[in-house]
Amino acid sequence: MKLAVLVNEGPYTHQASDTAYLFTRAALEKGHEIFRVFFYHDGVNNGTRLTVPPQDDRNIVKRWTELAEKHKLDLVVCIAAAQRRGILDENEAKRQGKDANNIAPGFRISGLGQLIEAGIQADRLVTFGD
Amino acid sequence: MTDEMMEEGGKIKKFLYINRKAPHGTIYALESLEVVLISAAFEQDVSLAFIDDGVYEIVKGQDTKGAEIKNFSPTYRALEGYDIEKLYVEKESMDARGLTEKDLLVPVKVLTAKEMADLMESQDVVMSF
Amino acid sequence: MTMLHTINKSPFERNAFDSCLTHVKKGSAILLIEDGVYGATQGTAGATKLAAAMKDVAVYALQADVEMRGMQGRLIDGVKLVDYGGFVDLVTQHQNTQAWL
């Protein structure tokens, strides 16, 4: 089946991102297709490569990146939510006149339309949040 | 809407946006309204439900000047212009908060909790914020 | 068709648990995850309510979340444990999913 995942909270503060990751991994292991993982609200903070969690803890951002690489996942960070919270890719940084970008590998920034499209195209949409 | 989306057109799903959170203490109400506005471009069958503290999102008289925060409540009145006209409010949630339809800033259809449960079950996609 | 409802909040913190029980329809399923698993434990204020709902609704709890909170052995009889794969199965077996955030 084709599934889509919506992640509405950032890493570490809420368990939502952990649950979403473990759900996504389990769905892939079962042979389902993940049409897209969409990051909204503070969920966009899952897409910064600048996090440095303690070494004896899970690395939530890196874990998403690695899962994306392994399964060619489409990890989409909402542009409007990202702009509010300072998550930028190279293009956005240039466009907004910022001196740096911080998007993690495997993530891309795009519009809210990508979430609606996921709702239309996927057989199921599952939301993780607070 | 992108060209790619146009090509994928034809699929019409029932989308229900469930609002259960009060409007200003957290950003969820504002950002969920942004999703609803974008969804208008996709020509889907869109409904909005306001239950629990979500009913506070459409209460009249919200004045955010003193708090120096943008007042997005008038946007609910603009939804009609986007052909988003199915707004449902739960009676029990209003009752519990001492509110009636007269306190709301948009025309809505009032449903009982049981009717709301039926509405949820009839949907293809349920997004809750 | 039936729905899968997920609850991730303790019944003592917010009304997600109560609101979900008000809206869940016969034949649907509830999956308790994260802090939601406290709602599936015996001797709590919500236990009677959940037990009553279980006449019409299947109730599941995510095993990893139960265990990480030390709630194993405290679950109400009839609450079924699932792993993340079981979560995926519940999603695919129901028409849609509503998250009571």
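So you know, we letter chains A, B, ... as the sequences are listed, proteins then strands, and number each from 1.
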Item to check | Distance in Å, A:Q114 CD paired with B:I38 CD1, rounded so as to fall on 0.5 Å steps | outcome: 11.0 Å

Item to check | Heavy-atom pair of closest approach, residues B:E34 and A:A80 | outcome: OE1-CB, 4.4 Å

Checklist entry - In Å and rounded to the nearest 0.5 Å, what is the CD to CD distance from B:Q44 to A:E117? => result 11.0 Å

Checklist entry - By a 4.5 Å heavy-atom criterion (distance strictly below it), what part of A:A122 contacts chain B: side chain, backbone, both, or neither? => result backbone

Item to check | Pick from B:V126, B:V35, B:D124, B:T26 with the largest number of heavy-atom pairs that fall under 4.5 Å of chain A | outcome: B:V35

Item to check | Exceeds 12 heavy-atom contacts within 6.0 angstrom, atom CZ of B:F72 | outcome: yes

Next on the checklist: Would you say that more than 12 heavy atoms from the other residues, nucleotides or ligands in this model lie under 6.0 Å from the NZ of A:K2, or not?
Outcome noted: yes

Item to check | Approximate separation, where rounding is to 0.5 Å, of B:K11 NZ and A:I120 CD1 | outcome: 8.5 Å

Checklist entry - More than 12 non-hydrogen atoms from neighbouring residues, nucleotides or ligands closer than 6.0 Å to CD on B:E101, yes or no? => result yes

Checklist outcome for this item: The interface call for A:R124 against chain B, heavy-atom contacts under 4.5 Å, is neither

Checklist entry - What do you reckon, is NZ of B:K60 surrounded by more than 12 foreign heavy atoms closer than 6.0 Å? => result yes

Checklist outcome for this item: Highest number of heavy-atom pairs under 4.5 Å with chain B among A:T127, A:L115, A:N8, A:L6 belongs to A:L115

Checklist entry - Taking atom NZ of B:K13 as the centre, does the number of heavy atoms from other residues, nucleotides or ligands within less than 6.0 Å exceed 12? => result yes

Item to check | More than 12 heavy atoms of other groups within 6.0 Å of A:E90 CD | outcome: no

Item to check | chain A contact via B:E31 - which portion, at a heavy-atom distance below 4.5 Å | outcome: both

Checklist entry - Non-hydrogen atoms of chain A under 4.5 Å away: do they reach the side chain of B:F15, the backbone, both or neither? => result side chain

Next on the checklist: Looking at every non-hydrogen atom in both residues, tell me the closest pair between A:I116 and B:S39 and how far apart they are.
Outcome noted: CD1-CB, 3.5 Å

Item to check | Residue pair B:M127, A:Y40: steps toward the side chain to side chain contact (heavy atoms under 4.5 Å, CB included) verdict | outcome: CA-CA 12 Å; B:M127 283 199 215; A:Y40 197 44; over 6 Å; no

Checklist entry - How far apart are the closest heavy atoms of B:I27 and A:R85, and which atoms are they? => result CG2-NH2, 3.5 Å

